[in-house]
Amino acid sequence: MRWLRYLNQWRGTAKEAFEQVSIVAKFLCLIHLTDRYIISSTHVQGPSMLPTLNLTGDVILAEHLSHRFGKIGLGDIVLVRSPTDPTRMVTKRVLGLEGHRLSFSADPLAGDGSVSVVVPKGHVWIQGDNLYASTDSRNFGPVPYNLIEGKALLRVWPPRFFGSLR
Amino acid sequence: MGIQNLLWQVTKKAFTGGIIGLTISDRCCSVVPVRGDSMSPTFNPQRNSYLDDYVLVEKFCLQDYKFARGDVVVFSSPTHYRDRYIKRIVGLPGEWISSSRDVIRVPEGHCWVEGDNKASSLDSRTFGPIPLGLIRGRVTNVVWPPQRVSKIG
């Protein structure tokens, strides 16, 4: 009956292994849920949000609760899935909600030909702070509200710029 | 004392099940009901809400957003931010679609979706091409009712 003893031993180890794996699985699930639904950190870079965000890259904390309750307001910096490339996220500022009328100059370097537009229902108008080096709603039009994935909370890196974003 | 312990155990198990279920539903696949008849006869061939189809939606396609013409996808509405629709992709980025009056080119990063039941479907013929970023998953199978279990696409 040696094999019966081995079976019992194996059952004990298997139970312990299952416990450990389930602890790791729960931890990974919690990480995924926090990152997707509560708060996450993002590395943002590029010139389109100068002077608010630096050219060489900042790490910001973004929360993912406001947009689910419809609480994105004018002037918020939001993380948006790019309408021209769905694998990329862009960071821009919301300058118009649905129903607002906006006028902007189509090309800020070439004189003052101004265009006026009304933001349709369910859409928002996003624009980078650096008007000269930003592809945003002036190029691809208003974006659907559901493309917004997070709202920037505060900048955590580099340390000398730590703090809320304005 | 025993009741309190039992309650705590049940809560812990429910919490674990909940977070694992939510993670699987986000990353792997989930089951959603199909409402309305805009996709007749593929889904809901009879207009009786007790016999709504339930479909399996896979989320692996959201890693790289590569879709093919003919895929049935679940996407968030571009006009009503709480709604989700299920329609079929009939136009990929760069293709030309002929709508009622003219020919439209589907922009980069967008797709043209239409319901199978063209008579009663709110789709790209109304709200235009939708950004691929709005897509929340691709439908692969019908899982309920049992006599309609089948693979889609």
Side-chain angles (χ1 to χ4, degrees), chain A residues 18-19 21-38 40 64 66-72 78-90 92 94 97-99 118-124 126 135-137 139-150, chain B residues 11-28 30 59-67 71 73-85 89 92-94 105-113 122 124 126-138:
Chain A
F18 180 73
E19 293 281 319
V21 165
S22 80
I23 289 181
V24 172
K26 278 187 278 189
F27 179 64
L28 292 176
C29 288
L30 272 177
I31 289 188
H32 163 85
L33 290 179
T34 314
D35 189 76
R36 174 82 73 96
Y37 292 108
I38 304 179
S40 72
H64 302 275
S66 303
H67 73 99
R68 287 183 198 278
F69 298 109
K71 297 237 178 306
I72 298 284
V78 290
L79 263 54
V80 171
R81 198 163 278 282
S82 165
T84 47
D85 180 6
T87 52
R88 267 187 51 224
M89 303 283 293
V90 296
K92 301 277 182 257
V94 172
L97 301 173
E98 65 185 20
V118 175
V119 180
K121 183 166 167 34
H123 288 62
V124 294
I126 57 172
T135 41
D136 46 39
S137 284
N139 306 85
F140 44 68
V143 305
Y145 183 91
N146 280 317
L147 281 182
I148 296 179
E149 303 216 342
Chain B
T11 312
K12 268 203 309 193
K13 287 274 186 302
F15 181 72
T16 308
I19 65 175
I20 293 186
L22 204 53
T23 307
I24 291 182
S25 157
D26 275 349
R27 292 197 154 236
C28 176
S30 64
K59 312 284 167 94
F60 297 115
C61 58
L62 301 178
Q63 306 289 347
D64 51 5
Y65 285 92
K66 289 218 180 329
F67 296 98
D71 282 348
V73 291
V74 177
F75 59 95
S76 288
S77 165
T79 44
H80 297 80
Y81 85 97
R82 287 198 191 278
D83 294 347
R84 290 194 174 182
Y85 303 145
I89 293 183
L92 294 174
R105 186 167 197 272
V106 179
E108 265 319 301
H110 288 62
C111 61
W112 189 271
V113 290
L122 186 66
S124 284
T126 315
F127 44 67
I130 60 160
L132 286 170
L134 285 179
I135 293 181
R136 300 282 174 250
R138 173 171 49 204

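- The distance from atom CG of B:Leu132 to atom CG of A:Asp85, rounded to the nearest 0.5 Å, is 9.5 Å.
- For A:Arg68, the part lying near chain B is the backbone, with the side chain staying farther off; criterion is any non-hydrogen pair under 4.5 Å.
- Taking all atoms of both residues into account, the shortest heavy-atom contact from A:Cys29 to B:Thr23 is CB-OG1, 3.3 Å.
- Neither the backbone nor the side chain of A:Phe140 comes within contact range of chain B; no heavy atom of the residue lies under 4.5 Å from a heavy atom of that chain.
- Separation of atoms CD (A:Glu98) and OG1 (B:Thr79) is listed at 9.5 Å; rounding is to 0.5 Å.
- The candidate with the highest count of non-hydrogen atom pairs below 4.5 Å against chain B, out of A:Gly122, A:Pro83, A:Pro120, is A:Pro83.
- We find the CZ-NE2 distance between B:Phe127 and A:His123 to be 10.0 Å, quoted to the nearest 0.5 Å.
- A distance of 9.0 Å separates CG in B:Leu22 from CZ in A:Arg36, rounded to the nearest 0.5 Å.
- Proximity to chain A (any heavy atom under 4.5 Å) is shown, for B:Pro78, by both the backbone and the side chain.
- Of the atoms belonging to A:Leu33, it is side-chain heavy atoms, and not backbone ones, that fall under 4.5 Å from chain B.
- Residues A:His32 and B:Asp26 share a closest heavy-atom pair of NE2-OD2, 3.2 Å.
- Between A:Asn146 and B:Tyr81, the shortest heavy-atom distance links the atoms OD1-O, 3.0 Å.
- Looking at B:Arg84, neither its backbone nor its side chain comes within 4.5 Å of chain A, counting heavy atoms on both sides.
- Remark: B:Thr16 pairs with no residue by the side chain to side chain donor-acceptor pair (under 3.5 Å) rule, at least two apart or across chains.
- Put simply, CG on B:Leu134 and OH on A:Tyr145 are 13.0 Å apart, with the number rounded to the nearest 0.5 Å.
- Annotation: A:Tyr37, atom OH; neighbour count of heavy atoms from other residues, nucleotides and ligands within 6.0 Å is above 12.
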